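Because the structure is predicted, anything quoted here is derived from the model rather than measured.
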Amino acid sequence: MRSAVLASFLLLTAACGTEPSDALPPRDAGPVDTGTPGSDGGVTDGGSPDGGSPDLGPRDGSAPDGGLDGGAPDLGPQDGGTGTGACEGLPCRDRLADDQAFEALAVPSPEGACQYDLEIPFITSIDGSEPTYYLDPRVHSAPIDFLRRELPAQYGTMDLEVYFRGFEREDLRTHWVGRIRRLIGAAPHRYAIDLYGSGYWSTDDVVVELQALLARLAPTFPMPLGYGPSQYGPIRQAAGFSNPPFVVHSPITCPGESCPAGPGPCLVIPPGAELCGHHQENRAINSEHQNRIRVQLTPGAFRLVPDAPVQLIAGGVFGPEDVAIVPGAATARSMQSGPTTDWWVEQNLIAGALTINLRLDVGSRTEPLIFREPFLENIFSYGAVEGGTFADSVYLQTCSGSGWTRYYAEATLGGGDRLRIEYRHQLPFAGSGPWLLTGADVILGGQPRRVESSVDLLYAGVHHNWDNQFWLLFDEPVRYQGTDIHGLWVDEPGTTCCPVDSIRTLGPDLTPVHTLNGSDYLRSPKLF
């Protein structure tokens, strides 16, 4: 039964354009960053942020509303930037003249481990007809939010698909959007651009396009700037550049990410590494709930030996009751495939009376497989739950999806109540792509609830992520109209997002109780 389920998984993955785990490209493509990470967090010139303290109050002059609207921070002194011109009165800069100006605007980089410390988003038009905007990520972490809210005359009614075509689809976009990250330990400081994109449509010459983008940014960002992709496809693409006219900052291995000598592939698992359950196409939302899973990995560096034990997963939780997972036997497997050897790890997980037969594909890689971003988005693990069918299966991947663009969906629910969902999504060919909820804020009956655990943020959808369903489950129930409410069920229609089919409350047994308004439900609108 397990083999049939795994075969179905692999066919399904291939249908959606997802490739199996692959070798990390070599780090010697073109001029490559060889700087050694420092221990001081990269601040080597005495520069410091301007100390401006955030304004956590409302942005519209109304009474405080619980802090969910992310009030506009005080950017403090401009430190060489400018608050005039295109960014006058807006949460952005149209020029960053030095390291201090960057520090004043930047936030910690969510991944990059020992390579990057701070980052900011940017938007710039390809033809130069619009200014370059360096966004304040404490107000707008997603560029579409900035465009819709701060530039309403041009973009106030722009929907998500129009944004995708004009700003992220490589062959159609009229603007470049991305982020600039600062490398740790460099003196003087060095920076790298990371473009947001679908990864499915190529431009005629990526090197020429990147060179044009760097030239566009240079007048308003005069510090040393190279290219540092974070998604696995662009990382591999950059490995094929032939003598590019800019520095390529390939992902680096961090201290402690080396492997013992030996012929087999190596798995490097940093402390705290986890894998989370992702949805299976055409599976109902209650089946997603029945098979929700999150596992912790065993820290260390493991060289795989055929048919030898390797303790991959250390524990976790499974199912609606968060049953503790007891790790069973794990074994490295290999199979010769032409001139290469394919590797995988099999491990049994015991969750109460159930056994989950898990398989993690390693592929034919020769360099370490590191269980952190940006590598986690290209790690796939499949499992069949003993005694079950395809509906009773698990698929584990990244918990954060930090290499994918972050979007939002929001609605007002009546009586001052409201909803905001955060999710990571790549919008590639045919509308399919990874869906991963990362957080939700709900005010129901005037009571706020924050949901951010992966096992409480559930998604279900049919092929190409159509007919999307979301469950947002609360740690503590909300008393609403005489009933204890344990979460919300958001039901999007067919092939579109909006208006929503329904938003319903979930009672103690997770069945619908109330139908809420939600008539203004929209993806990626303004912050509230």
Side-chain angles (χ1 to χ4, degrees), residues 6 9-10 12-14 16-25 110-113 199 229-236 239 250-254 257 259 264-280 293-304 310-316 325 327 330-334 340-347 349 356-384 393-404 424-426 428 433-436 438 454:
L6 291 177
F9 277 140
L10 295 174
L12 179 62
T13 301
C16 288
T18 307
E19 299 180 8
S21 186
D22 196 331
L24 181 69
E111 84 278 340
S230 66
Q231 290 184 290
Y232 210 79
I235 290 170
R236 290 184 298 174
S250 298
I252 66 173
T253 56
C254 295
E257 292 181 349
C259 298
C266 179
L267 311 183
V268 175
I269 303 178
E274 296 183 306
L275 292 175
C276 290
H278 287 234
H279 84 286
Q280 298 296 328
I293 187 171
R294 185 177 187 125
V295 300
Q296 291 81 46
L297 301 165
T298 304
F302 306 95
R303 181 72 68 177
L304 301 185
V310 53
Q311 197 65 23
L312 179 66
I313 293 173
I325 288 175
T331 307
R333 303 293 189 192
S334 65
T340 63
T341 302
D342 289 325
W343 293 82
W344 67 94
V345 175
E346 296 177 351
Q347 183 170 6
L349 307 178
I356 304 169
N357 308 120
L358 200 69
R359 168 174 170 153
L360 183 136
D361 287 313
V362 178
S364 58
R365 64 181 61 247
T366 56
E367 83 300 329
L369 175 58
I370 303 170
F371 283 71
R372 64 165 170 84
E373 300 296 3
F375 313 109
L376 274 178
E377 70 177 75
N378 208 54
I379 290 175
F380 307 97
S381 185
Y382 311 93
S393 56
V394 295
Y395 164 41
L396 292 97
Q397 203 185 359
T398 172
C399 291
S400 70
S402 58
W404 303 328
R424 298 278 184 174
H425 192 202
Q426 185 172 318
W435 264 98
L436 179 61
T438 57
S454 66

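Side-chain contact between L275 and L376 is present, with at least one heavy-atom pair separated by less than 4.5 Å. Counting heavy atoms from C-beta on, the side chains of I269 and L312 come closer than 4.5 Å. The shortest side-chain heavy-atom distance between T331 and V310 does not fall under the 4.5 Å cut-off. Side-chain contact check for E274 versus S454: every heavy-atom pair is 4.5 Å or farther apart.
Of the inter-residue distances, the one linking L436 atom CG with R424 atom CZ reads 8.5 Å to the nearest 0.5 angstrom. Taking CH2 of W343 as the reference point, atom CZ of R365 lies at 13.5 Å (rounded to 0.5 Å). Here R294 contributes atom CZ and L396 contributes atom CG; the two are 11.0 Å apart, rounded to the nearest 0.5 Å. Of the inter-residue distances, the one linking S334 atom OG with W344 atom CH2 reads 6.5 Å to the nearest 0.5 angstrom.
In summary, the side chains of S400 and E373 do present a donor paired with an acceptor at a separation below 3.5 Å, with no hydrogens or angles considered.
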Test V345 against L267 for side-chain contact (heavy atoms from CB on, under 4.5 Å), laying out the working first. CA-CA 10 Å; V345 175; L267 311 183; 4.3 Å; yes
Would T253 and V268 count as a side-chain contact (heavy atoms from CB on, under 4.5 Å) here? Give the steps. CA-CA 10 Å; T253 56; V268 175; over 6 Å; no
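The minimum heavy-atom distance between T340 and S364, with the atom names listed, is CB-CB, 4.1 Å. Nearest heavy atom pair, residue A301 against residue C259, reads CB-CA, 4.4 Å. The minimum heavy-atom distance linking Q347 with I313 is given by the pair OE1-N, 3.0 Å. Between Q280 and Y395, the closest heavy-atom pair is NE2-CB, 2.5 Å. Across S230 and I235, no two heavy atoms sit closer than the pair O-CD1, 3.7 Å. Taking both residues in full, the closest heavy atoms of C276 and T398 are given as CB-O, 4.3 Å, listed atom of the first, atom of the second, then distance.
Partner of Y382 under the side chain to side chain contact (heavy atoms under 4.5 Å, CB included) criterion, out of D361, L358, N357, L360: D361 alone.
Here the side chain of E346 pairs no donor or acceptor atom with the backbone of R359 at under 3.5 angstrom.
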